Peer 1: 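Mind having a look at this structure? Questions to follow.
No experiment lies behind these values; they were computed from the predicted model shown.
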Amino acid sequence: MTIESVRHALREADPERRRQAVILLGEESHEGALPLLSEALGDADWRVRKEAVRVVTELPNTREVTRALVDGVVQGDNVGKRNSALEALVKLGTAVAPILLEELPSIPASARKFLLGVLGEIPDDFVLPVLVEACEDADPNLVAAAIDALARHGGTQAESALRRRLSSPDPYQRMAALDGLSHLGAFVAWEELEPLLSDRLVRRVALSTLGGTGRPEAVAPLTEALTDRSSHVVGAAAVSLIQLLSTSESLRVLVTDQAHALSPASRDALRALLHQGDAQARVSAAHLLLLAQDEPSLQGVVGLAVNDVLSPGALEALRTWGLKAARPLLSLFRTTEGQERAMSLELAADLTADARARQQTVDRSLEADLRRALLEGLSDLETSVALAAARSLVNWVEPEDAPTLVRVARRGHEALGRACAETLIALCAIAPDVVRVAIENVAFEGEGGAALASVAARLGGPRVSERLHAAMSADDPGMRRAALEALSEMREHGSAELIGYALADEHIDVQAAAARALGALSDSDERELATNALRLVLDSGTPAVQAAAVRALGEAGDEASIPSLRRLAASDAPEVVVAAIDALRRLADPDLATLLIRAIGHADEEVVKQALIALFETIGEEAVPHVVAALDHVAWDVRALAARLLGPSPTSAARDALVGRLARERNDLVRSVIAEVLGDAESA
Amino acid sequence: MPILFDRGPKLQLEEFRLIRDFINDFCGIFFADDALYVVERRLRERITALGLLSFAQYYQYLRYHPDAAAEVERAVDELTTNETYFFREEYQLRAFAEEILPELRSRLQQSGSRKLGIWSAGCSTGEEVYTLAILVLESGLFEDWDVRVLGSDISKRVLHKARRAIYGPSSFRTMPKRYERYFLETREGLQVHPRIRALSHFAHLNLLDRGRSAIVGKVDTIFCRNVLIYFDQASRRRVLENFHERLNPGGYLLLGHSESLLNATTAFELCHLTTDLVYRRSRTSGPIGRGNP
């Protein structure tokens, strides 16, 4: 396509044709392409502009391109063109930085501020002097842009420049500088923040930064700020208080004491915050209110708990509130719906059960009310409420509850069935005959039958066996699986053969469950039958079933299967290889090391990890060179494992490798593991 | 789910990141490290249900099991399930009924169209879909029009409930009484009236799957409320590009009250209604405006 035809295509009404023309400009090198791309950067359609950004950043001539892009920024009329040009400059990054620094002094101030923003995105430190100098410019817009750019750039020099702006006579600059430091996670000392607390414009940002000071002096102004008229200020104060609380034990005590003494106005403000503002403010408000043991806020707190928004710290505060919160929560159960109702009930029950476990005195009327509520909840139409009740009833279950639990188990919700079954199993310990009667005439087929099979297994007896045998032929694979698991648990003689049939079930999960169940029977008098059956599927099953059979043989200690397992360690299916390595390790295969060294080169990182663990266990320090090599594996989780395996006392070669890896490592988790290992090695 | 006292397998940070990244690759949903305890709580039930013993085993299940795709959908469902109910966020629905629907009717009629399409992206158990259908019917503006309200979700489980259209009391906690006539009593709860169900349709869709999302066709309004919060920035952009493509020019995008398109896309224009801010695809395929590229 000639440049003329591309020019023509860029004038077409259809944006897709214009976009295709831009693509062509990139694919074929055209003299005169740059002006056309410049034009396309300001196209009316965002997809054309986006394509132009991509193409222009792939062009070879950086100086000419940079100049064209700078021109795109300087022209003020077409905002789309300006933004596209800026986006392209950011993408070009370091390559254009020196040219931008050259051009900057001659660019009008109105455009210079945008280019400062571009410099802020470039990670190289040589851009910093220009940004720092721009902070002293007479034009406040340029100063603001420079501050913003420094905040995005980060680093020690940027932080110092931002700190100097904290004492600027311009309040907006003070605010921007503090915001920037906060954004960088830079430590700002109490002494730098205190003067800013009385600065109306900067106050909110100052309050939100106080949390990082770790100073007890910060608690009082933060507590005072909880009565501010602005919910944003209250939120900032709440977040900072919680941040301080987790700094040290003494601050935890101080903030907790302040929470206990919160004024009515503060409590009102925090309660309002539970329903508005950002997530962090709401969680912090909840935490403070729980520390304050504030009953009126419980419904709001429960609402956050339902959405899993409560932090571990807030939950700990609720645990500390303990039994005293149980009755208010029970009241909430009566006045709320759905998941809030379920959560209120479960929290009330958990706190009461915990109090009992700690041998605290629990009021009998509370226990009676709780039990009544649990039974009411059990019959609630809302599954979440019934589930909460079924789970919690385990601590208050009575023999007369058995028929209700069986009925609710059959409602057809899997988790509900399991919860009812667990409570019935608990009841078996005190009233087995009652449970036996309750499930006697209940068919295992149908809803909830699978859950009840596990209860039957706990009861045992010939009648139960017969019913479970029948259930092994159920239409529902979930029922078949539950039946064979129950039979395995009962360990009756003859069950291995029956369970063995299930290795040929039409459903994979039943087959895998059968393999696991046979493994569990390997320490019974049916060991030989069980292990023979498992060996049969090593070559004929699907990978998921093979893997289950392999693991079962390993757990069974079946040394006769070692040759087969060695063969499977070369399988195409990674899950089979992982299982085979694990099994051979358990069986202490004497030739394992050779196999493992091969497996370390496997394409699947789960295999590599399993092989590394097994190799280290098998040959100890001789494995170090292989583990060190794994520090350069492409998968971060392999690198993390390798670092961890090198342990608290790495050899000097290993230590050098760890140090070298740390210098190159970008994954924060791997870095953290390496630093921990090296730190442990130092202290050892 | 048990919340106060730890019961069951613990989720280590490495396992969390592996599972998180796996799910993110599948459907764009992303959880930061500080959500580890949420993921731990919500996925424990899945480990028990599958007969597994640890999160490490669960990760391997997601990677290798033949039923892994279904399990990932199930996991996403557990991780993103927040309660929904009829007439949720009423102020926004009021804006939809009182301002958006009349504008759509007027404009579509002028263009000669008598077809109205609405997409509830991430419809969960269906209450939003039926709510929107009720509002369209109640408006009286679209008699004899071809009205379709499509709900899509990545979870087959919630779609099953949506199709059954039977709901318990908590789904009606904020529903004004005057809409009760759109429900019929059954033994298991209230069922949506056939007239409303006739306007409502459901599809199993991953919002990141642009190709398959073409099944939606072109619509006039998209509701995607409290869904995008679960996506990482790159996935959010992809979903929004998809939405832009699915919307007719002048079509509306309504998000959750704490969501915005800031830092995600500038392809939509902001539209100030009386009680809400919504987004809109430009009415022409040309410039949205000099100030808002």
Peer 1: I want to know whether B:Tyr179 and B:Phe87 have ring centres closer than 6.0 Å.
Peer 2: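 Ring-ring flag for B:Tyr179/B:Phe87: true, centres closer than 6.0 Å.
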Peer 1: Just jot down the side chain to side chain contact (heavy atoms under 4.5 Å, CB included) partners of B:Glu127, sequence neighbours excluded, or say none.
Peer 2: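 For B:Glu127 the side chain to side chain contact (heavy atoms under 4.5 Å, CB included) partners, ignoring immediate neighbours, are B:Thr84, B:Phe86, B:Thr125, B:Tyr167, B:Ser171.
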Peer 1: Quick check on A:Arg551 against chain B: is it the side chain, the backbone, both or neither that has a heavy atom closer than 4.5 Å?
Peer 2: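 Interface part for A:Arg551: side chain.
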Peer 1: Could you walk me through whether B:Phe172 and B:Phe183 pass ring-ring contact (aromatic ring centres under 6.0 Å, His included), step by step?
Peer 2: CA-CA 11 Å; B:Phe172 298 98; B:Phe183 297 86; 4.9 Å; yes
Peer 1: Can you say whether A:Ile508 sits under 4.5 Å from chain B via the side chain, the backbone, both, or neither, judging by heavy atoms?
Peer 2: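 Side chain only.
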Peer 1: Decide whether B:Arg225 and B:Gln92 meet the rule of one side-chain donor and one side-chain acceptor closer than 3.5 Å.
Peer 2: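 Their side chains do contain a donor-acceptor pair, which is all the 3.5 Å distance test asks for.
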Peer 1: Tell me which of these, A:Ala544, A:Ala388, A:Pro574, A:Pro543, has more heavy-atom pairs under 4.5 Å with chain B than the rest.
Peer 2: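 Highest number of heavy-atom pairs under 4.5 Å: A:Pro574.
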Peer 1: Could you look at B:Asp67 and say if it's the side chain, the backbone, both or neither that has a heavy atom under 4.5 Å from chain A?
Peer 2: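 For B:Asp67, the contact with chain A is made by the side chain alone.
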Peer 1: Non-hydrogen atoms of chain B under 4.5 Å away: do they reach the side chain of A:Arg82, the backbone, both or neither?
Peer 2: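 It is neither, since no heavy atom gets under 4.5 Å.
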Peer 1: With sequence neighbours left out, what residues match A:Ser571 under side chain to side chain contact (heavy atoms under 4.5 Å, CB included)?
Peer 2: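 With neighbours one apart ignored, the set is A:Ala573, A:Val576, A:Val577.
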Peer 1: Heavy atoms only, distances under 4.5 angstrom: which of B:Leu13, B:Asp33, B:Asp34 has the most pairs with chain A? Name it, please.
Peer 2: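 Highest number of heavy-atom pairs under 4.5 Å: B:Leu13.
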Peer 1: Checking heavy atoms, do the side chain of B:Glu45, its backbone, both or neither come under 4.5 Å from chain A?
Peer 2: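 Contact with chain A: backbone and side chain both.
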Peer 1: Please state whether the side chain, the backbone, both or neither of A:Asp509 comes within less than 4.5 Å of a heavy atom of chain B.
Peer 2: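 Looking at A:Asp509, just its side chain touches chain B.
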Peer 1: Which bit of A:Val578 comes within less than 4.5 Å of chain B, counting heavy atoms only: side chain, backbone, both or neither?
Peer 2: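 Side chain only.
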Peer 1: Counting N and O atoms only, with roles assigned by atom type, does the side chain of A:Arg49 sit under 3.5 Å from a partner on the main chain of A:Asp43, one being a donor and the other an acceptor?
Peer 2: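 The answer is yes, because a donor-acceptor pair under 3.5 Å joins these two groups.
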Peer 1: Which bit of A:Glu575 comes within less than 4.5 Å of chain B, counting heavy atoms only: side chain, backbone, both or neither?
Peer 2: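 For A:Glu575, heavy atoms of backbone and side chain both lie under 4.5 Å from chain B.
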Peer 1: What part of A:Arg516 is in contact with chain B, defined as an atom under 4.5 angstrom from a non-hydrogen atom: side chain, backbone, both or neither?
Peer 2: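 Just its side chain gets close to chain B.
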Peer 1: Look at the rings of B:Tyr61 and B:His65 and say which category their plane angle falls in: under 30° parallel, 30 to 60° tilted, over 60° perpendicular.
Peer 2: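 If you compare the ring of B:Tyr61 with that of B:His65, the planes turn out parallel.
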Peer 1: Where does B:Tyr37 contact chain A at under 4.5 Å (heavy atoms): side chain, backbone, both or neither?
Peer 2: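 Side chain only.
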Peer 1: Is B:Arg88 positioned over the aromatic face of B:Tyr85, cation under 6.0 angstrom from the ring centre and no more than 45 degrees off axis?
Peer 2: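 Flagged: B:Arg88 positioned over aromatic ring of B:Tyr85.
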Peer 1: A:Ala305 versus chain B, heavy atoms under 4.5 Å apart: side chain, backbone, both or neither?
Peer 2: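 Its backbone and side chain both get close to chain B.
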Peer 1: Would you kindly check if the NZ (Lys) or CZ (Arg) of B:Arg236 is within the cone defined by 45 degrees around the ring axis of B:Phe231 and under 6.0 Å from the six-membered ring centre?
Peer 2: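 No cation-pi geometry.
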